[in-house]
Amino acid sequence: MYQKKIGRNKENQSAGITLILLGFSEYPDLQVPLFMVFLIIYLVTVLGNLGMINIIRINPKLHTPMYFFLSHLSFVDLCYSTVVTPKLLENLLVEDKTISFTGCIVQFILICIFAVTETFMLAVMAYDRFVAVCNPLLYKVAMSPKLCFLLVAASYSWSMVCSFTLTYFLLRLSYRGTKFINNFACEHAAIVSVSCSDPSISEKMILLFATFNETSSLIIILTSYVFIFITVMKMPTTGGRHKVFSTCASHLTAITIFHGTILFLYCVPNFKGSWLMIKVASVFYTVVIPMLNPLIYSLRNKDVKDTVRKFINTNLIRVNL
């Protein structure tokens, strides 16, 4: 009887709630232009990340730890964007912008999983570059297929722990009536803002997890690149230095964009009062960054560009025949 009562109380915490995603409804004249912009971004994201995964798969030369991690990064970016962008596009065109409470929570779970996974995937890629540059002779032994699999599995596993823990604290809050979410997606800050109970514990948990994830991943990244920089400076030829810096430049660009946005959004409390800033930052890391990553890694990567060129030439020859 006692357990049934607890179950009914938890159900009542979210019973009869209607959630409405406001998105960018305060700019009615921009709905269609924004739809076109986000649609183009999403199409480029899908084509770019699927293309990157396929290029890595078809070229045996790219079957290395670095590209193994890059293929997972592309998969995460593709899923990340797909969780958010279709609903964003729908709400830019339709009058009914409601989303079910269950749908909102599921979206938050997936957003959290892919955000945390990307955070540590970038850290894993930094460690991979460290081993490749600082211990090139032991690279194949150190970065064994088993270790690569474990690093990727650990990234996904920890992201699920973070996501489900934060979701648990969100579900302990009470939600009633019709609530307007002043965002285009079910972010943590947007969900707690519509709760009817004290969200302080949930807010402390998200700050704790975000700070831990950022700190630990940035320690790995910064430590790796400090050793890389020291090793590069000891190289006798400028050609070797240029090759290493060229290889690492794409990764450093992706790190700067992603972590800069996350730090701005979750680890700087002063900015949380501005919903416009939250929306802009959310658009950047959920919609724009998944589009930029395949472009960053392909435009500066000779092996990827050569594979794309060969793939296009092969298909053109087949068409002509």
Side-chain angles (χ1 to χ4, degrees), residues 3-25 42 75-92 94 96-120 155-210 212-213 262 265-266 272 275 278-279 281-283 285-287 290:
Q3 290 179 339
K4 289 181 180 179
K5 185 176 180 181
I6 292 177
R8 283 197 298 270
N9 287 337
K10 288 185 177 181
E11 289 177 5
N12 290 336
Q13 287 180 332
S14 60
I17 183 170
T18 302
L19 298 176
I20 300 173
L21 290 170
L22 292 178
F24 298 95
S25 55
Y42 183 60
F75 172 74
V76 169
D77 280 333
L78 177 62
C79 294
Y80 203 176
S81 183
T82 300
V83 168
V84 174
T85 312
K87 186 64 178 176
L88 168 60
L89 292 172
E90 177 191 341
N91 285 347
L92 286 169
V94 301
D96 182 11
K97 303 179 189 298
T98 59
I99 182 171
S100 68
F101 182 77
T102 301
C104 191
I105 292 297
V106 169
Q107 188 184 60
F108 169 75
I109 290 171
L110 295 175
I111 287 174
C112 190
I113 286 174
F114 295 125
V116 176
T117 301
E118 180 150 354
T119 300
F120 285 98
S155 299
Y156 284 112
S157 300
W158 174 244
S159 71
M160 287 187 231
V161 171
C162 294
S163 181
F164 291 131
T165 302
L166 293 173
T167 302
Y168 167 76
F169 284 98
L170 279 178
L171 292 176
R172 292 187 65 183
L173 302 175
S174 297
Y175 306 89
R176 289 186 296 273
T178 300
K179 299 292 183 180
F180 294 91
I181 293 180
N182 195 9
N183 209 331
F184 60 89
C186 293
E187 295 280 349
H188 185 274
I191 297 175
V192 298
S193 69
V194 300
S195 69
C196 302
S197 49
D198 182 13
S200 58
I201 296 178
S202 186
E203 289 175 338
K204 287 177 183 176
M205 291 301 298
I206 186 71
L207 183 60
L208 176 66
F209 273 105
F212 171 79
N213 290 337
I262 295 293
L265 186 58
Y266 284 116
K272 291 187 178 181
W275 281 107
I278 289 175
K279 286 182 185 180
S282 297
V283 164
Y285 87 87
T286 59
V287 179

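Just so you know, these numbers come straight off a predicted model, no measurement behind them.
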Would you check if [X] and [Y] make a side-chain contact, meaning some heavy-atom pair closer than 4.5 Å?
X	Y	result
Ser202	His188	yes
Phe184	Ser282	yes
Thr286	Tyr80	yes
Tyr42	Val84	no
Thr102	Val106	yes

Would you indicate whether Tyr156, at its atom OH, is surrounded by more than 12 heavy atoms from other residues, nucleotides or ligands within a distance under 6.0 Å?
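Yes, the 6.0 Å shell around OH holds more than 12 heavy atoms from other groups.
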More than 12 heavy atoms of other residues, nucleotides or ligands under 6.0 Å from CG of Leu208: is that the case?
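For Leu208, atom CG is crowded (more than 12 foreign heavy atoms under 6.0 Å).
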Nearest atoms (heavy-atom pairs only) where [X] meets [Y]:
X	Y	result
Ser155	Thr117	O-OG1, 3.9 Å
Thr82	Pro86	O-CD, 3.0 Å
Leu22	Lys97	O-CD, 4.3 Å
Gln107	Val83	NE2-O, 3.2 Å
Ala185	Ala190	O-CB, 4.3 Å

Applying side-chain hydrogen bond (donor to acceptor under 3.5 Å, both in side chains), name anything that partners Asn91, two or more places apart in sequence or on another chain.
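Asn91 satisfies side-chain hydrogen bond (donor to acceptor under 3.5 Å, both in side chains) with no residue once adjacent residues are dropped.
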Phe164: partners by ring pair (Phe, Tyr, Trp, His ring centres under 6.0 Å), with sequence neighbours left out:
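Once residues adjacent in sequence are excluded, Phe164 has no partner under the ring pair (Phe, Tyr, Trp, His ring centres under 6.0 Å) criterion.
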Results of ring pair (Phe, Tyr, Trp, His ring centres under 6.0 Å) for Phe114 - residues two or more places apart only
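By the ring pair (Phe, Tyr, Trp, His ring centres under 6.0 Å) rule, Phe114 matches no residue at all.
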Mind telling me whether Trp158 and Phe209 have parallel, tilted or perpendicular rings, with 30° and 60° as the class edges?
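Tilted.
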Rounded to the nearest 0.5 Å, what separates atom [atom1] in [X] from atom [atom2] in [Y]?
X	Y	atom1	atom2	result
Cys186	Ile111	SG	CD1	7.0 Å
Ser193	Glu187	OG	CD	11.0 Å
Thr119	Phe212	OG1	CZ	11.5 Å
Ile113	Cys162	CD1	SG	10.0 Å
Ser195	Glu203	OG	CD	8.0 Å
Phe108	Leu110	CZ	CG	10.5 Å

Run the side-chain contact (heavy atoms from CB on, under 4.5 Å) test on Cys196 and Lys179 for me, step by step, so that the C-alpha distance in whole Å, both residues' side-chain angles and the decisive distance to 0.1 Å come before the verdict.
CA-CA 10 Å; Cys196 302; Lys179 299 292 183 180; 4.0 Å; yes
Is a donor on one side and an acceptor on the other found under 3.5 Å between the side chain of Thr167 and the backbone of Ile109?
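Not at all, since once roles are kept as given, no pair shorter than 3.5 Å links the two residues.
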